[in-house]
Novice: 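Have a look at the structure that comes next, please.
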Amino acid sequence: MASSIDPEMARSEWLEADGLGGFASGTVSGIRTRRYHALLLAATTSPTGRMVLVNGFDAEVETAEGRFALSTQRYSPGVNHPDGTTRLESFSLKPWPHWTYRVPGGKIIQQIFVSRGTSTVIVCWNWEGDDTGSLSLRVRPFFSGRDFHATHHENPAFRFTPESSSEGECWHFYDGIPKVMARSNGVYHHEPCWYQNFLYDEELVRGLDAVEDLAAPGRYEFNLAAGSAVLIFSVEGLGQDSAQESSTPLKLARQLAEAELARRNAISTPRLRAAEAYMVKRGTGRTIIAGYPWFGDWGRDTFIAMRGLCLATGRLEEAREILVAWAGTTSQGMLPNRFPEQDTEPEYNSVDASLWYVIVVHEFLEIVGDDPSLGAEKEILLASVEVILTHYHQGTRYGIRCDSDGLLACGVPGAQLTWMDAKVGDWVVTPRIGKPVEVQALWLNALGLASPRNPQWRAIFEQGRATFQNRFWNETRGCLFDVIDVDHQPGTADPLVRPNQIFAVGGLPLMLLDDEHAARVVQIVEKELWTPMGLRSLSPVEKDYVGHYQGGPAERDGTYHQGTVWPWLAGPFIEAWVRVQGGTPEVKERAWKLFLSPQLLRLDLSGLHHVPEIADGDPPHTARGCPFQAWSLGEVLRMEKFLGAF
């Protein structure tokens, strides 16, 4: 018997984020295909310090008809065992992951959900079928206790024996690793052993360590004929509340389920609910996770994503907290590009993150108006904008400075400062040193938006815009150069057709081109770069174009911006297309049908209800990279708002 789930759908991935940086994730089939697929993956120093604690489980049910597996694992060199996927009848995400398994005499419904704001995951099983006096469910959890980027291997140091109490079982796998508490309405049987050679196919494809050993201390046994089976895992001291100490496991699971259901039902659509996954705590404030499962909170990604995740969806309180929190990280006018997972020192190596911040502050303040509740926080935001522009004008790290022509020069050898930031060893794949086109669009927009509050920026804006219009136009190709004054050599220009030029027309508040030139830019971008998944990062007519993103880390990084499609760029393109077509309701309706609708049709082919990081440049434009990407989803939501969907 084979599963009734479509094979392509079976590989799709679900995500349950906890709001702290941790999450549970896996595939529809239940087979873990990534090192990041886990039942309990916790951020020990929210939102960083992420560790995999509970990787998954094997489950089987014994009825009068025999024993039947409800799970399947993948083992090296490519063996699936046991045969639980053959009994998988259906899967649903409403309101969280539900699996229905068909066994003789009835069905077993398995549910997994994360209680937001806590490092707690709940797994429930229910029987639907004939009355039976013999219905035993056995569940064997798999543990590791490792960094979420690593893999785990059999070793003598793992502590199998839990501390048992009336509350449940508590494991402390290794020194320096958080304790894991398990609560259930079943009976725990201690049967320690190692399960070896789990194989993660997605890691194998990515050229990374793909084999892992996991510890299995014992099994839980439940009588499903008597009612629901519940198994709750939580990290001791991370986000737990007093209710978890005073309720029985079954009562606690029901309380958490009721609270989660009410919270999720208050959010109107699946994509709006998906947006919440990226907003997490950082200290006393908030930030945005750039993508699951492996990204952290990155400055550039945060500010691009929050325009859709927060501003377009009315999450203004979250936007305020994020902007205020990031204001405190400014250094020499620069905002961090990222916060390392295990290091407290942020990395300042992005030319555009600070400029995106200025754009988002402007858009946020435009929406909230003169809201008196902002108080001193408004002044904090405006002061941060002035600090950024002042340092960029005078000069800061990496040769970032306002040139005499009003444009922003940036870049030094060995550094990748723009969003096209791939690097292989010492090789910066797309260095773009000089004056990159989208950086100028951001710089001039920032100056123009700030000039009503500080008139000194107006003259620089006017000068820079005139220079931009005069020097960036490439009449030979009928579009904009990607970089001018390449490597700081005056008068040079990079003619490669890339998507960065679209920001001179769409994606930012101010257009920098006249109608004729704007229309020609949109025309060439549509012709050479548009795909149903977004914009290619390089035109297929260029000699360095690569149509498929594959291979090991070096091969993939070398093609990251050489033709790979980026869904987040669909937003600026759609906005530019609507602008040059006149911006009427009829034009917006056409844009929806031509561009956004095809993208929406592909959403469930990677991360369910989410949008992936990238896709192949060549058809069929297979989703690649991170299956859950903040700015990809953010731009879909921003375009839905822009085109009038909500």
Side-chain angles (χ1 to χ4, degrees), residues 299-300 302-308 310-312 316 319-320 322-324 326-327 330 333-335 350-371 374 377-394 396 400-403 405-408 410 419 435-469 472 500-514 518 571-572 575-576 579 583 631 634-635 638 641-642:
R300 175 190 300 116
T302 291
F303 309 131
I304 294 173
M306 67 183 294
R307 303 171 77 200
C310 300
L311 301 187
L316 301 182
R320 179 192 63 80
I322 292 168
L323 292 173
V324 170
W326 278 85
T330 307
M334 298 181 71
L335 291 172
S350 164
V351 63
D352 52 342
S354 299
L355 299 174
W356 276 112
Y357 181 85
V358 174
I359 303 301
V360 178
V361 166
H362 167 79
E363 293 180 339
F364 171 72
L365 294 178
E366 283 281 297
I367 294 172
V368 300
D370 295 324
D371 184 349
L374 279 178
E377 291 179 335
K378 180 177 181 179
E379 296 308 313
I380 291 173
L381 300 181
L382 293 177
S384 296
V385 167
E386 284 298 306
V387 167
I388 290 167
L389 294 179
T390 299
H391 276 86
Y392 271 46
H393 179 242
Q394 295 175 350
T396 185
I400 299 171
R401 59 180 175 79
C402 181
D403 204 350
D405 59 6
L407 298 182
L408 194 71
C410 64
W419 79 275
K435 295 168 182 172
V437 63
E438 84 284 5
V439 173
Q440 308 316 310
L442 285 161
W443 167 243
L444 294 173
N445 265 265
L447 291 172
L449 298 175
S451 60
R453 294 185 298 272
N454 187 343
Q456 73 163 314
W457 304 126
R458 172 57 59 179
I460 303 171
F461 167 74
E462 296 291 355
Q463 179 193 21
R465 181 171 62 176
T467 305
F468 184 90
Q469 294 174 346
F472 266 93
N500 305 303
Q501 60 188 299
I502 202 66
F503 289 99
V505 187
L508 295 172
L510 306 178
M511 283 183 61
L512 302 179
L513 300 177
D514 59 47
E575 188 174 36
R579 283 177 174 178
W631 63 10
E635 283 299 284
R638 193 173 73 88
K641 176 75 170 179
F642 175 66

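The figures that follow rest on heavy atoms only: side chains count, while hydrogens, waters and symmetry mates do not. The model shown is predicted, which means the values in this text are computed figures rather than measured ones.
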Novice: Evaluate the side-chain proximity of I359 to N445: yes if any heavy-atom separation is below 4.5 Å, no if none is.
Specialist: yes
Novice: Quick check: does any side chain N or O of T390 sit under 3.5 Å from a backbone N or O of V387, one acting as donor and the other as acceptor?
Specialist: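 No; judged by distance alone, with no hydrogens or angles, the pair does not exist.
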Novice: Are the side chain of R300 and the backbone N or O of D352 linked by a donor-acceptor pair below 3.5 Å?
Specialist: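 Such a contact is absent between R300 side chain and D352 backbone.
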Novice: Show the nearest heavy-atom pair for residues C310 and I322, with the distance to one decimal.
Specialist: SG-CD1, 4.1 Å
Novice: Counting only N and O atoms by type, is there a donor-acceptor contact under 3.5 Å from the side chain of T396 to the main-chain atoms of G333?
Specialist: no
Novice: Quick one: does any side-chain atom of W443 pair with a main-chain N or O of G406 as donor and acceptor, under 3.5 Å?
Specialist: yes
Novice: For Y357 and L323, indicate whether the former's side chain and the latter's backbone hold a donor-acceptor pair under 3.5 Å.
Specialist: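 Here the side-chain-to-backbone pair exists.
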Novice: Between F503 and V437, is the side-chain contact (heavy atoms from CB on, under 4.5 Å) condition met? List the steps.
Specialist: CA-CA 8 Å; F503 289 99; V437 63; over 6 Å; no
Novice: I'd like to know whether D405 forms a side-chain contact (heavy atoms from CB on, under 4.5 Å) with K435, so could you lay out the CA-CA distance, the side-chain angles of the two residues, the decisive distance to 0.1 Å, and finally the verdict.
Specialist: CA-CA 11 Å; D405 59 6; K435 295 168 182 172; 2.7 Å; yes
Novice: Between R453 (side chain) and E386 (backbone), is there a donor-acceptor pair under 3.5 Å?
Specialist: no
Novice: For residues H393 and W457, determine if any side-chain heavy atom of one lies less than 4.5 Å from a side-chain heavy atom of the other.
Specialist: yes
Novice: State, to 0.1 Å, how close E635 and G571 come at their nearest heavy-atom pair, and which atoms those are.
Specialist: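 Closest approach of E635 to G571, heavy atoms only: OE1-CA, 3.3 Å.
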Novice: Counting heavy atoms not belonging to D514, are there more than 12 under 6.0 Å from its CG?
Specialist: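 Correct, the count exceeds 12.
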Novice: Which heavy-atom pair separates G448 from L510 by the least distance, and what is that distance?
Specialist: CA-CD1, 4.1 Å
Novice: Search all heavy atoms of L316 against all heavy atoms of F364 and return the closest pair with its distance.
Specialist: O-CE1, 3.6 Å
Novice: Can you check whether L512 reaches F472 side chain to side chain, under 4.5 Å on heavy atoms?
Specialist: no
Novice: Return the minimal non-hydrogen interatomic distance between G299 and A353, and the atom names on each side.
Specialist: C-CB, 4.1 Å
Novice: Taking the side chain as every heavy atom from C-beta outward, state whether H391 and T330 have any pair of such atoms under 4.5 Å apart.
Specialist: no
Novice: Got K378 and D370 here, is their nearest side-chain heavy-atom distance under 4.5 Å?
Specialist: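 The answer is yes; the side chains approach within 4.5 Å.
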Novice: Heavy atoms, side chains only, cut-off 4.5 Å: are L335 and F303 in contact?
Specialist: yes
Novice: Which atom pair, heavy atoms only, marks the closest approach of C410 to V351?
Specialist: CB-CG2, 3.9 Å
Novice: Taking the side chain as C-beta and beyond, is there a heavy-atom pair between W419 and V439 under 4.5 Å?
Specialist: no
Novice: Contact between D403 and L408 at the side-chain level, heavy atoms closer than 4.5 Å - yes or no?
Specialist: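 Side-chain contact under 4.5 Å: no.
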